[in-house]
Student: 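Before we start, here is the structure in question, set down as C-alpha coordinates.
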Amino acid sequence: MLNKEKTRVAVLYGGRSAEHEVSLVSATNVIMNVDRALFDVIPIGIDREGSWFLGDDVFKQELTSQEPMLRLHRDQDRMLFNPELIGKSSPMMIPPTSLLTRNNRLFDVIFPVIHGPLCEDGTVQGLLELADVPYVGCNVLASAIGMDKDVSKRLVQHAGIHVPHFLVIRAGEWQQNNAQSMAKIAAEFTYPIFVKPVNTGSSVGVSKVNKPEDLQNAIHLAFQYDTRIIIEQGIDAIEIEVAVLESLDDANNPFASVPGEIRPSATHGFYSYASKYLDENGAELIIPAPISDEVKEKVMETAKQIFTILNCEGMARVDFLLDRHTHCIYFNEVNSLPGFTQISMYPKLMAASGKQYTQLLTHLIELAVKRHDKKTQLIRHFMKENS
(Lines give C-alpha, C1' and ligand atoms only; values in the text may rest on other atoms or scores of the structure.)
Protein backbone atom coordinates (compact mmCIF):
# COMPACT_ATOMS: atom_id res chain seq x y z
CA MET A 1 0.00 0.00 0.00
CA LEU A 2 0.99 3.64 -0.47
CA ASN A 3 2.16 5.80 2.41
CA LYS A 4 -0.44 7.79 4.34
CA GLU A 5 1.27 11.00 3.25
CA LYS A 6 -0.03 11.99 -0.17
CA THR A 7 1.97 10.59 -3.07
CA ARG A 8 2.93 13.08 -5.78
CA VAL A 9 2.02 11.70 -9.20
CA ALA A 10 3.56 13.29 -12.28
CA VAL A 11 1.20 12.89 -15.24
CA LEU A 12 3.16 12.98 -18.50
CA TYR A 13 1.29 14.25 -21.55
CA GLY A 14 1.97 15.42 -25.09
CA GLY A 15 5.03 13.78 -26.61
CA ARG A 16 6.83 13.69 -29.92
CA SER A 17 4.47 11.39 -31.81
CA ALA A 18 1.57 11.97 -34.19
CA GLU A 19 -0.73 11.11 -31.27
CA HIS A 20 0.24 14.24 -29.33
CA GLU A 21 -3.29 15.69 -29.31
CA VAL A 22 -4.88 12.41 -28.22
CA SER A 23 -2.53 12.39 -25.24
CA LEU A 24 -3.80 15.79 -24.08
CA VAL A 25 -7.35 14.45 -23.93
CA SER A 26 -6.32 11.20 -22.20
CA ALA A 27 -4.17 12.98 -19.61
CA THR A 28 -6.89 15.53 -18.85
CA ASN A 29 -9.25 12.68 -17.97
CA VAL A 30 -6.62 10.97 -15.82
CA ILE A 31 -5.94 14.18 -13.87
CA MET A 32 -9.65 14.84 -13.38
CA ASN A 33 -10.26 11.33 -12.01
CA VAL A 34 -7.23 10.73 -9.76
CA ASP A 35 -8.20 10.23 -6.11
CA ARG A 36 -7.17 13.54 -4.52
CA ALA A 37 -7.47 12.07 -1.04
CA LEU A 38 -4.45 9.89 -1.87
CA PHE A 39 -2.52 11.80 -4.53
CA ASP A 40 -1.27 15.22 -5.50
CA VAL A 41 -0.83 15.71 -9.24
CA ILE A 42 2.11 17.34 -11.04
CA PRO A 43 1.24 17.71 -14.77
CA ILE A 44 4.30 17.61 -17.03
CA GLY A 45 3.97 18.28 -20.76
CA ILE A 46 6.38 17.09 -23.44
CA ASP A 47 6.45 19.22 -26.57
CA ARG A 48 6.98 17.94 -30.10
CA GLU A 49 10.71 18.66 -29.85
CA GLY A 50 11.07 16.58 -26.68
CA SER A 51 11.39 19.34 -24.05
CA TRP A 52 9.56 18.84 -20.75
CA PHE A 53 7.56 21.65 -19.14
CA LEU A 54 5.66 21.98 -15.88
CA GLY A 55 1.93 22.16 -16.62
CA ASP A 56 -1.20 23.34 -14.81
CA ASP A 57 -3.48 21.08 -12.80
CA VAL A 58 -6.77 21.22 -14.73
CA PHE A 59 -8.56 19.82 -11.66
CA LYS A 60 -7.87 23.10 -9.87
CA GLN A 61 -8.95 25.36 -12.71
CA GLU A 62 -12.14 27.34 -12.30
CA LEU A 63 -15.05 25.57 -13.93
CA THR A 64 -16.31 27.27 -17.09
CA SER A 65 -18.82 26.39 -19.78
CA GLN A 66 -16.00 24.58 -21.58
CA GLU A 67 -14.60 21.22 -20.59
CA PRO A 68 -11.20 21.43 -18.82
CA MET A 69 -8.30 20.62 -21.12
CA LEU A 70 -4.56 20.39 -20.67
CA ARG A 71 -2.37 22.79 -22.58
CA LEU A 72 1.35 22.79 -23.11
CA HIS A 73 3.09 25.95 -21.93
CA ARG A 74 6.45 26.41 -23.67
CA ASP A 75 7.68 28.80 -21.00
CA GLN A 76 11.39 28.91 -20.17
CA ASP A 77 10.58 29.28 -16.47
CA ARG A 78 8.52 26.09 -16.61
CA MET A 79 11.10 23.99 -18.48
CA LEU A 80 12.18 20.85 -16.65
CA PHE A 81 14.19 19.01 -19.31
CA ASN A 82 15.82 20.07 -22.56
CA PRO A 83 17.21 17.26 -24.76
CA GLU A 84 19.19 19.81 -26.78
CA LEU A 85 21.54 20.23 -23.80
CA ILE A 86 22.59 16.58 -23.71
CA GLY A 87 26.38 16.43 -23.82
CA LYS A 88 26.75 20.14 -23.03
CA SER A 89 27.92 21.80 -19.84
CA SER A 90 24.45 23.22 -19.02
CA PRO A 91 22.20 21.06 -16.84
CA MET A 92 19.48 19.21 -18.78
CA MET A 93 16.91 19.15 -15.98
CA ILE A 94 16.39 21.81 -13.32
CA PRO A 95 13.17 21.34 -11.31
CA PRO A 96 12.03 24.37 -9.30
CA THR A 97 13.42 24.02 -5.76
CA SER A 98 10.10 25.07 -4.23
CA LEU A 99 8.41 22.02 -5.75
CA LEU A 100 10.86 19.38 -4.55
CA THR A 101 9.37 16.68 -2.30
CA ARG A 102 10.63 15.25 0.98
CA ASN A 103 12.98 12.93 -0.96
CA ASN A 104 14.34 15.88 -2.96
CA ARG A 105 12.26 14.97 -6.00
CA LEU A 106 9.59 16.84 -7.88
CA PHE A 107 7.37 13.72 -7.81
CA ASP A 108 7.22 10.22 -6.34
CA VAL A 109 5.83 8.27 -9.30
CA ILE A 110 5.16 9.00 -12.98
CA PHE A 111 1.96 8.17 -14.85
CA PRO A 112 2.82 8.34 -18.58
CA VAL A 113 -0.29 9.19 -20.58
CA ILE A 114 1.53 9.49 -23.88
CA HIS A 115 0.90 7.52 -27.03
CA GLY A 116 2.80 6.39 -30.10
CA PRO A 117 6.51 6.25 -31.03
CA LEU A 118 9.00 7.95 -28.70
CA CYS A 119 6.33 7.76 -25.99
CA GLU A 120 4.99 4.26 -25.31
CA ASP A 121 7.57 2.27 -27.29
CA GLY A 122 10.06 1.84 -24.43
CA THR A 123 12.01 5.05 -25.02
CA VAL A 124 10.47 7.09 -22.18
CA GLN A 125 10.26 3.95 -20.03
CA GLY A 126 14.01 3.42 -20.50
CA LEU A 127 14.71 7.00 -19.41
CA LEU A 128 12.60 6.48 -16.28
CA GLU A 129 14.41 3.21 -15.49
CA LEU A 130 17.76 4.99 -15.73
CA ALA A 131 16.44 7.76 -13.47
CA ASP A 132 15.24 5.11 -10.96
CA VAL A 133 11.71 6.53 -10.97
CA PRO A 134 8.57 4.42 -10.41
CA TYR A 135 6.23 4.63 -13.41
CA VAL A 136 2.83 3.27 -14.39
CA GLY A 137 2.47 0.71 -17.16
CA CYS A 138 4.56 -1.80 -19.03
CA ASN A 139 8.32 -2.15 -18.70
CA VAL A 140 10.82 -1.23 -21.42
CA LEU A 141 10.73 -4.59 -23.21
CA ALA A 142 6.94 -5.01 -23.22
CA SER A 143 6.47 -1.39 -24.32
CA ALA A 144 8.83 -1.86 -27.26
CA ILE A 145 7.26 -5.18 -28.26
CA GLY A 146 3.73 -3.80 -27.93
CA MET A 147 4.49 -0.98 -30.34
CA ASP A 148 6.21 -3.30 -32.84
CA LYS A 149 3.46 -5.05 -34.79
CA ASP A 150 5.98 -7.36 -36.47
CA VAL A 151 7.71 -8.68 -33.33
CA SER A 152 4.52 -8.93 -31.26
CA LYS A 153 2.75 -10.95 -33.97
CA ARG A 154 5.71 -13.31 -34.38
CA LEU A 155 5.92 -13.94 -30.62
CA VAL A 156 2.19 -14.56 -30.30
CA GLN A 157 2.20 -16.80 -33.38
CA HIS A 158 5.13 -18.76 -31.95
CA ALA A 159 2.98 -19.46 -28.88
CA GLY A 160 0.36 -21.12 -31.09
CA ILE A 161 -2.15 -18.28 -31.25
CA HIS A 162 -3.63 -17.39 -34.65
CA VAL A 163 -2.60 -14.15 -36.38
CA PRO A 164 -3.71 -12.96 -39.84
CA HIS A 165 -1.19 -13.67 -42.59
CA PHE A 166 1.27 -10.77 -42.80
CA LEU A 167 4.36 -9.59 -44.63
CA VAL A 168 6.91 -7.00 -43.48
CA ILE A 169 8.63 -4.75 -46.01
CA ARG A 170 11.61 -2.56 -45.14
CA ALA A 171 12.12 0.86 -46.71
CA GLY A 172 15.46 -0.11 -48.30
CA GLU A 173 13.95 -3.26 -49.73
CA TRP A 174 11.05 -1.27 -51.24
CA GLN A 175 13.35 1.37 -52.72
CA GLN A 176 15.67 -1.24 -54.23
CA ASN A 177 13.02 -3.43 -55.85
CA ASN A 178 9.41 -2.42 -55.26
CA ALA A 179 8.27 -4.58 -58.18
CA GLN A 180 9.42 -7.69 -56.31
CA SER A 181 7.50 -6.61 -53.22
CA MET A 182 4.37 -5.91 -55.26
CA ALA A 183 4.63 -9.34 -56.89
CA LYS A 184 4.97 -11.01 -53.50
CA ILE A 185 1.89 -9.20 -52.19
CA ALA A 186 -0.08 -10.23 -55.30
CA ALA A 187 0.94 -13.87 -54.84
CA GLU A 188 0.26 -14.12 -51.07
CA PHE A 189 -2.79 -11.90 -50.42
CA THR A 190 -6.35 -11.35 -51.55
CA TYR A 191 -8.17 -8.03 -51.23
CA PRO A 192 -9.00 -6.31 -49.01
CA ILE A 193 -5.66 -5.97 -47.25
CA PHE A 194 -4.35 -3.56 -44.63
CA VAL A 195 -1.13 -1.57 -44.93
CA LYS A 196 0.32 -0.31 -41.64
CA PRO A 197 3.49 1.26 -40.31
CA VAL A 198 5.07 -1.28 -37.95
CA ASN A 199 5.55 1.26 -35.15
CA THR A 200 2.51 3.51 -34.75
CA GLY A 201 -0.66 3.47 -32.69
CA SER A 202 -4.20 4.86 -33.04
CA SER A 203 -4.29 3.66 -36.67
CA VAL A 204 -1.94 6.48 -37.72
CA GLY A 205 -0.74 5.85 -41.28
CA VAL A 206 -2.99 2.78 -41.68
CA SER A 207 -4.95 2.14 -44.88
CA LYS A 208 -7.53 -0.45 -45.88
CA VAL A 209 -6.86 -1.31 -49.53
CA ASN A 210 -9.71 -2.79 -51.55
CA LYS A 211 -8.12 -2.91 -55.00
CA PRO A 212 -4.57 -3.27 -56.42
CA GLU A 213 -4.43 0.20 -57.97
CA ASP A 214 -4.64 1.79 -54.51
CA LEU A 215 -1.84 -0.29 -52.98
CA GLN A 216 1.20 1.85 -53.84
CA ASN A 217 -0.34 5.01 -52.39
CA ALA A 218 -1.10 3.15 -49.14
CA ILE A 219 2.47 1.86 -48.99
CA HIS A 220 3.89 5.34 -49.55
CA LEU A 221 1.67 6.71 -46.77
CA ALA A 222 2.78 4.02 -44.30
CA PHE A 223 6.46 4.64 -45.08
CA GLN A 224 6.02 8.26 -44.04
CA TYR A 225 5.62 7.05 -40.45
CA ASP A 226 8.13 4.20 -40.20
CA THR A 227 11.01 2.49 -41.99
CA ARG A 228 9.13 -0.83 -41.83
CA ILE A 229 5.57 -1.49 -42.91
CA ILE A 230 3.34 -4.50 -42.51
CA ILE A 231 0.96 -5.90 -45.12
CA GLU A 232 -1.86 -7.80 -43.42
CA GLN A 233 -4.59 -10.01 -44.83
CA GLY A 234 -8.04 -8.52 -44.38
CA ILE A 235 -10.56 -10.79 -42.66
CA ASP A 236 -14.35 -10.54 -42.56
CA ALA A 237 -14.34 -10.30 -38.81
CA ILE A 238 -15.81 -8.78 -35.67
CA GLU A 239 -13.33 -6.47 -33.90
CA ILE A 240 -13.05 -7.47 -30.25
CA GLU A 241 -11.05 -5.73 -27.50
CA VAL A 242 -10.19 -6.88 -23.97
CA ALA A 243 -8.67 -4.77 -21.19
CA VAL A 244 -6.12 -6.60 -19.04
CA LEU A 245 -4.93 -5.45 -15.61
CA GLU A 246 -2.07 -6.87 -13.54
CA SER A 247 -3.02 -8.04 -10.05
CA LEU A 248 -1.53 -6.43 -6.95
CA ASP A 249 -1.18 -9.96 -5.59
CA ASP A 250 1.72 -11.75 -7.31
CA ALA A 251 -0.02 -15.08 -6.76
CA ASN A 252 -2.98 -14.09 -8.92
CA ASN A 253 -3.25 -14.09 -12.70
CA PRO A 254 -3.93 -10.85 -14.57
CA PHE A 255 -7.54 -9.70 -14.64
CA ALA A 256 -9.32 -9.63 -18.01
CA SER A 257 -12.36 -7.44 -18.61
CA VAL A 258 -15.49 -8.46 -20.43
CA PRO A 259 -14.85 -8.23 -24.19
CA GLY A 260 -16.15 -5.25 -26.12
CA GLU A 261 -16.92 -4.93 -29.82
CA ILE A 262 -15.91 -2.10 -32.15
CA ARG A 263 -18.29 -1.46 -35.06
CA PRO A 264 -16.76 1.15 -37.38
CA SER A 265 -19.25 3.16 -39.40
CA ALA A 266 -19.65 2.40 -43.10
CA THR A 267 -18.25 5.86 -43.83
CA HIS A 268 -14.81 4.93 -42.50
CA GLY A 269 -14.70 1.24 -43.45
CA PHE A 270 -12.39 0.36 -40.55
CA TYR A 271 -11.44 1.66 -37.10
CA SER A 272 -9.29 4.51 -38.41
CA TYR A 273 -7.77 7.50 -36.62
CA ALA A 274 -10.67 9.65 -37.84
CA SER A 275 -13.30 7.20 -36.59
CA LYS A 276 -11.58 7.02 -33.20
CA TYR A 277 -10.96 10.69 -32.48
CA LEU A 278 -12.40 13.05 -35.12
CA ASP A 279 -15.88 11.71 -35.85
CA GLU A 280 -18.18 11.25 -32.85
CA ASN A 281 -20.24 8.84 -34.96
CA GLY A 282 -17.20 7.10 -36.43
CA ALA A 283 -17.69 3.86 -34.53
CA GLU A 284 -20.08 2.13 -32.17
CA LEU A 285 -18.62 0.65 -28.97
CA ILE A 286 -20.65 -2.30 -27.71
CA ILE A 287 -19.96 -3.52 -24.17
CA PRO A 288 -20.23 -6.40 -23.58
CA ALA A 289 -19.66 -7.76 -27.06
CA PRO A 290 -22.64 -9.82 -28.34
CA ILE A 291 -20.73 -13.10 -28.57
CA SER A 292 -21.37 -16.53 -27.10
CA ASP A 293 -20.20 -17.38 -23.58
CA GLU A 294 -17.80 -19.92 -25.04
CA VAL A 295 -16.14 -17.37 -27.32
CA LYS A 296 -16.15 -14.78 -24.53
CA GLU A 297 -14.24 -17.08 -22.17
CA LYS A 298 -11.80 -18.06 -24.91
CA VAL A 299 -11.08 -14.43 -25.81
CA MET A 300 -10.56 -13.43 -22.17
CA GLU A 301 -8.19 -16.34 -21.50
CA THR A 302 -6.26 -15.64 -24.71
CA ALA A 303 -5.91 -11.97 -23.73
CA LYS A 304 -4.39 -12.94 -20.38
CA GLN A 305 -2.11 -15.42 -22.14
CA ILE A 306 -0.86 -12.75 -24.56
CA PHE A 307 -0.35 -10.31 -21.67
CA THR A 308 2.00 -12.88 -20.12
CA ILE A 309 3.70 -13.93 -23.38
CA LEU A 310 4.66 -10.33 -24.16
CA ASN A 311 5.88 -9.72 -20.59
CA CYS A 312 3.32 -6.96 -20.01
CA GLU A 313 3.03 -5.24 -16.66
CA GLY A 314 0.42 -2.89 -15.25
CA MET A 315 -2.08 -2.76 -18.08
CA ALA A 316 -2.63 -3.52 -21.73
CA ARG A 317 -5.51 -3.65 -24.18
CA VAL A 318 -5.47 -6.73 -26.38
CA ASP A 319 -7.28 -6.53 -29.72
CA PHE A 320 -8.68 -9.49 -31.63
CA LEU A 321 -10.45 -10.31 -34.87
CA LEU A 322 -13.24 -12.90 -34.67
CA ASP A 323 -13.83 -14.46 -38.09
CA ARG A 324 -17.55 -14.23 -38.87
CA HIS A 325 -17.54 -17.51 -40.81
CA THR A 326 -15.09 -19.84 -39.04
CA HIS A 327 -15.30 -18.19 -35.58
CA CYS A 328 -11.51 -18.41 -35.42
CA ILE A 329 -9.96 -15.90 -33.01
CA TYR A 330 -7.01 -13.92 -34.43
CA PHE A 331 -4.66 -11.70 -32.46
CA ASN A 332 -4.57 -8.23 -34.01
CA GLU A 333 -2.37 -6.10 -31.73
CA VAL A 334 -1.64 -5.10 -28.14
CA ASN A 335 -1.67 -1.57 -26.78
CA SER A 336 0.64 -1.25 -23.78
CA LEU A 337 -0.50 2.30 -22.95
CA PRO A 338 -4.14 2.51 -24.06
CA GLY A 339 -6.11 5.72 -24.36
CA PHE A 340 -7.88 7.17 -21.34
CA THR A 341 -10.27 9.54 -23.11
CA GLN A 342 -13.97 9.50 -22.25
CA ILE A 343 -14.65 7.26 -25.25
CA SER A 344 -11.59 5.01 -24.91
CA MET A 345 -12.27 1.30 -24.64
CA TYR A 346 -9.82 0.45 -21.84
CA PRO A 347 -11.50 2.43 -19.02
CA LYS A 348 -14.95 1.63 -20.43
CA LEU A 349 -14.23 -2.12 -20.41
CA MET A 350 -12.81 -1.94 -16.89
CA ALA A 351 -15.84 0.01 -15.66
CA ALA A 352 -18.14 -2.63 -17.17
CA SER A 353 -16.12 -5.26 -15.31
CA GLY A 354 -16.36 -3.60 -11.91
CA LYS A 355 -13.25 -1.34 -11.91
CA GLN A 356 -14.37 2.29 -11.92
CA TYR A 357 -12.10 4.99 -13.33
CA THR A 358 -10.71 6.38 -10.02
CA GLN A 359 -10.30 2.90 -8.54
CA LEU A 360 -8.47 1.79 -11.70
CA LEU A 361 -6.03 4.72 -11.56
CA THR A 362 -5.24 4.03 -7.88
CA HIS A 363 -4.61 0.37 -8.69
CA LEU A 364 -2.19 1.28 -11.50
CA ILE A 365 -0.25 3.75 -9.34
CA GLU A 366 0.01 1.20 -6.53
CA LEU A 367 1.33 -1.35 -9.02
CA ALA A 368 4.02 1.11 -10.17
CA VAL A 369 5.20 1.76 -6.62
CA LYS A 370 5.17 -1.94 -5.76
CA ARG A 371 7.20 -2.89 -8.85
CA HIS A 372 9.79 -0.22 -8.12
CA ASP A 373 10.09 -1.34 -4.49
CA LYS A 374 10.73 -4.91 -5.65
CA LYS A 375 13.36 -3.77 -8.15
CA THR A 376 15.26 -1.81 -5.51
CA GLN A 377 15.87 -5.11 -3.71
CA LEU A 378 17.72 -6.58 -6.71
CA ILE A 379 21.50 -6.78 -6.82
CA ARG A 380 22.71 -4.41 -9.54
CA HIS A 381 26.44 -5.10 -9.29
CA PHE A 382 28.65 -8.16 -9.36
CA MET A 383 29.32 -9.59 -5.91
CA LYS A 384 32.61 -11.44 -5.76
CA GLU A 385 32.35 -14.67 -3.84
CA ASN A 386 34.65 -15.19 -0.87
CA SER A 387 37.55 -17.38 -1.87
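On a predicted model such as this, the values are computed, not experimentally measured, just so you know.
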Student: Can you name the salt bridge (Lys or Arg N to Asp or Glu O under 4.0 Å) partners of D250, sequence neighbours left out?
Tutor: K370, K374
Student: Is S353 reaching over with its side chain to a backbone N or O of S257, donor-acceptor style, under 3.5 angstrom?
Tutor: no
Student: Tell me, which pairs form a side-chain hydrogen bond (donor to acceptor under 3.5 Å, both in side chains) where one or both residues lie in residues 129-143, sequence neighbours left out?
Tutor: E129-Y135, E129-K375, D132-H372, N139-E313
Student: Of all residues at least two apart in sequence or in a different chain, which pass the side-chain hydrogen bond (donor to acceptor under 3.5 Å, both in side chains) check with S26?
Tutor: H115
Student: I'd like to know if K6 and D40 make a salt bridge, using a cut-off of under 4.0 Å between side-chain N and carboxylate O.
Tutor: yes
Student: Report the residues that fulfil salt bridge (Lys or Arg N to Asp or Glu O under 4.0 Å) with K296, sequence neighbours left out, ordered by chain and then residue number.
Tutor: none
Student: With sequence neighbours left out, which residue pairs that include part of residues 216-226 fulfil the side-chain hydrogen bond (donor to acceptor under 3.5 Å, both in side chains) condition?
Tutor: N199-D226
Student: Could you tell me which residues satisfy side-chain hydrogen bond (donor to acceptor under 3.5 Å, both in side chains) with E232, sequence neighbours excluded, listed by chain and number?
Tutor: K153, K196
Student: Is the shortest side-chain N to carboxylate O distance from R317 to D319 below 4.0 Å?
Tutor: yes
Student: Check this for me: does any side-chain nitrogen of one of R263 and E241 sit under 4.0 Å from a carboxylate oxygen of the other?
Tutor: no
Student: Only counting residues at least two apart or in another chain, list the ones meeting side-chain hydrogen bond (donor to acceptor under 3.5 Å, both in side chains) with K355.
Tutor: H363
Student: Got a sec, which residues hit side-chain hydrogen bond (donor to acceptor under 3.5 Å, both in side chains) with D293, two or more places apart in sequence or on another chain?
Tutor: none
Student: D35: what forms a salt bridge (Lys or Arg N to Asp or Glu O under 4.0 Å) with it, not counting sequence neighbours?
Tutor: none
Student: Taking only residues two or more places apart in sequence, or in another chain, which ones meet K184 in a salt bridge (Lys or Arg N to Asp or Glu O under 4.0 Å)?
Tutor: none
Student: Donor-acceptor pairs under 3.5 angstrom involving side-chain atoms of residues 158-174: please list them, not counting sequence neighbours.
Tutor:
from : atom 1 : to   : atom 2 : distance (Å)
H165 : NE2    : E188 : OE1    : 2.9
E173 : OE1    : R170 : N      : 3.2

Student: Other hydrophobic cluster members with L321, side-chain heavy atoms of Ile/Leu/Val/Met/Phe/Trp/Tyr under 4.5 Å, chained?
Tutor: I235, Y330
